[in-house]
Amino acid sequence: QLGNARQALSDFNQSILDFTVAAEAAARLGNPEAQIDALCGAGFAAGLLKRTAEMRKQAEQAMAVAQATGSSSAKAEGILGYERLLAGDLAVARTHLERARPTLIQEGALSQAAFVTGTVGFLYDLQSEYARADMLFTEAMGDRMRLATSCADVLRMTWMRGMALANQGR
């Protein structure tokens with residue numbers, strides 16, 4: 001929780017350190033889900049600092065933990081997809097994000113699902129799939145995910161949805 005709080009305060013370097021400590025503690029305690037969450041948190045914070053190599057490394061570590069323990073890899077897949085989007089590899093980003101999205105929703109990981117849903121919507125907008133983008137932005141800001149969506153994500157998706165609507169002449 002401390003890593004998330006520091007992330008919310010834009011203290012991303014400290015957030016990465018907090019998530020790293022949490023991942024190490026979770027590994028010692030044999031809690032792979034908490035370890036995956038912490039690794040993904042560190043990866044996301046690294047991405048916010050545009051340290052995409054570090055972001056990818058953390059997500060790949062989380063994927064390895066998930067595969068080794070039979071845990072869900074959906075959160076790590078979402079981070080990998082976002083990293084690929086930042087790198088401009090839209091085809092691979094789309095594969096990761098579209099694979100992660102339904103699993104995150106099914107697992108009830110609504111904060112991550114809302115972020116991934118909005119990110120897929122943005123990707124669709126970039127690829128001129130405006131109606132699909134609008135549908136996902138509406139879903140991500142709808143009743144099911146709204147309470148799990150951060151204020152920054154709501155602002156980002158509202159702006160991106162406006163672009164998708166404008167591109168449709170609406």
Side-chain angles (χ1 to χ4, degrees), residues 1-9 11-87 89-124 136 139-150 152-154 156-157:
Q1 290 180 355
L2 185 57
N4 286 324
R6 296 211 205 255
Q7 218 172 68
L9 295 171
D11 191 356
F12 304 121
N13 285 312
Q14 188 60 49
S15 174
I16 292 168
L17 294 174
D18 294 337
F19 280 122
T20 301
V21 168
E24 291 166 356
R28 281 193 309 275
L29 294 170
N31 187 337
E33 288 79 16
Q35 186 180 6
I36 291 164
D37 283 350
L39 289 167
C40 288
F44 185 75
L48 293 171
L49 291 170
K50 307 297 185 245
R51 294 178 356 204
T52 54
E54 182 180 349
M55 180 184 198
R56 183 172 190 77
K57 179 183 169 203
Q58 296 283 3
E60 287 172 344
Q61 261 188 283
M63 287 287 281
V65 170
Q67 290 168 352
T69 63
S71 299
S72 173
S73 62
K75 291 175 184 174
E77 188 107 43
I79 298 295
L80 283 172
Y82 191 55
E83 184 275 330
R84 290 290 77 205
L85 179 67
L86 293 175
D89 189 352
L90 302 186
V92 174
R94 186 174 182 143
T95 299
H96 283 301
L97 293 166
E98 286 179 340
R99 200 167 30 217
R101 187 177 164 278
T103 305
L104 291 168
I105 292 168
Q106 180 183 12
E107 292 174 353
L110 295 182
S111 177
Q112 292 87 351
F115 180 80
V116 167
T117 299
T119 302
V120 174
F122 178 63
L123 180 58
Y124 288 167
L136 289 182
E139 179 182 340
M141 295 185 297
D143 290 340
R144 183 168 187 200
M145 292 185 205
R146 182 177 51 232
L147 294 177
T149 307
S150 75
D153 285 343
V154 170
R156 176 179 69 97
M157 286 185 278

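Note that the structure is a prediction, hence the values are computed from the model and not measured.
- Residues Tyr82 and Leu97 approach most closely at N-CD2, 4.0 Å, considering heavy atoms.
- Residues that satisfy the side-chain contact (heavy atoms from CB on, under 4.5 Å) test with Leu49, not counting sequence neighbours, are Phe12, Asn13, Ile16, Arg51.
- The shortest side-chain heavy-atom distance between Leu48 and Met55 does not fall under the 4.5 Å cut-off.
- Residues that satisfy the side-chain contact (heavy atoms from CB on, under 4.5 Å) test with Asp37, not counting sequence neighbours, are Lys75.
- Checked by atom type and distance alone, the side chain of Ser15 never pairs as donor or acceptor with a backbone atom of Asp11 at under 3.5 Å.
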Check the pair Gln58 / Ile79 against side chain to side chain contact (heavy atoms under 4.5 Å, CB included), numbers first and verdict last. CA-CA 9 Å; Gln58 296 283 3; Ile79 298 295; over 6 Å; no

Check residues 27-36 and write down every donor-acceptor pair under 3.5 Å in which the side-chain atom is one partner and the other belongs to a residue at least two apart or another chain.
unit_1, atom_1, unit_2, atom_2, d
Asn31, OD1, Glu33, N, 3.4
Asn31, OD1, Ala34, N, 3.1
Glu33, OE2, Ser71, OG, 3.2

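- Considering all non-hydrogen atoms of both residues, Met63 and Glu77 come closest at SD-N, 3.9 Å.
- The side-chain contact (heavy atoms from CB on, under 4.5 Å) test applied to Val92 returns Arg84, Asp89, His96, not counting sequence neighbours.
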| Does the ring pair (Phe, Tyr, Trp, His ring centres under 6.0 Å) test come out yes or no for Phe44 and Phe19, once each step is laid out? | CA-CA 10 Å; Phe44 185 75; Phe19 280 122; 9.3 Å; no

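- Counting heavy atoms from C-beta on, the side chains of Arg94 and Val120 never come closer than 4.5 Å.
- Side-chain contact between Leu136 and Tyr124 is present, with at least one heavy-atom pair separated by less than 4.5 Å.
- A distance of 8.5 Å separates OG1 in Thr20 from CD in Gln61, rounded to the nearest 0.5 Å.
- The minimum heavy-atom distance between Ala93 and Leu123, with the atom names listed, is C-CD2, 4.3 Å.
- Under the side chain to side chain donor-acceptor pair (under 3.5 Å) criterion, Glu60 pairs with Arg56, sequence neighbours left out.
- Residue Ala38 comes nearest to Ala23 through the heavy atom pair CB-N, 3.5 Å, listed as atom of the first residue, atom of the second, then distance.
- Looking at Gln14 and Leu17, their side chains come closer than 4.5 Å, going by heavy atoms from C-beta outward.
- With sequence neighbours excluded, the residues satisfying side-chain contact (heavy atoms from CB on, under 4.5 Å) with Ala74 are Ser72, Thr103, Leu104, Glu107.
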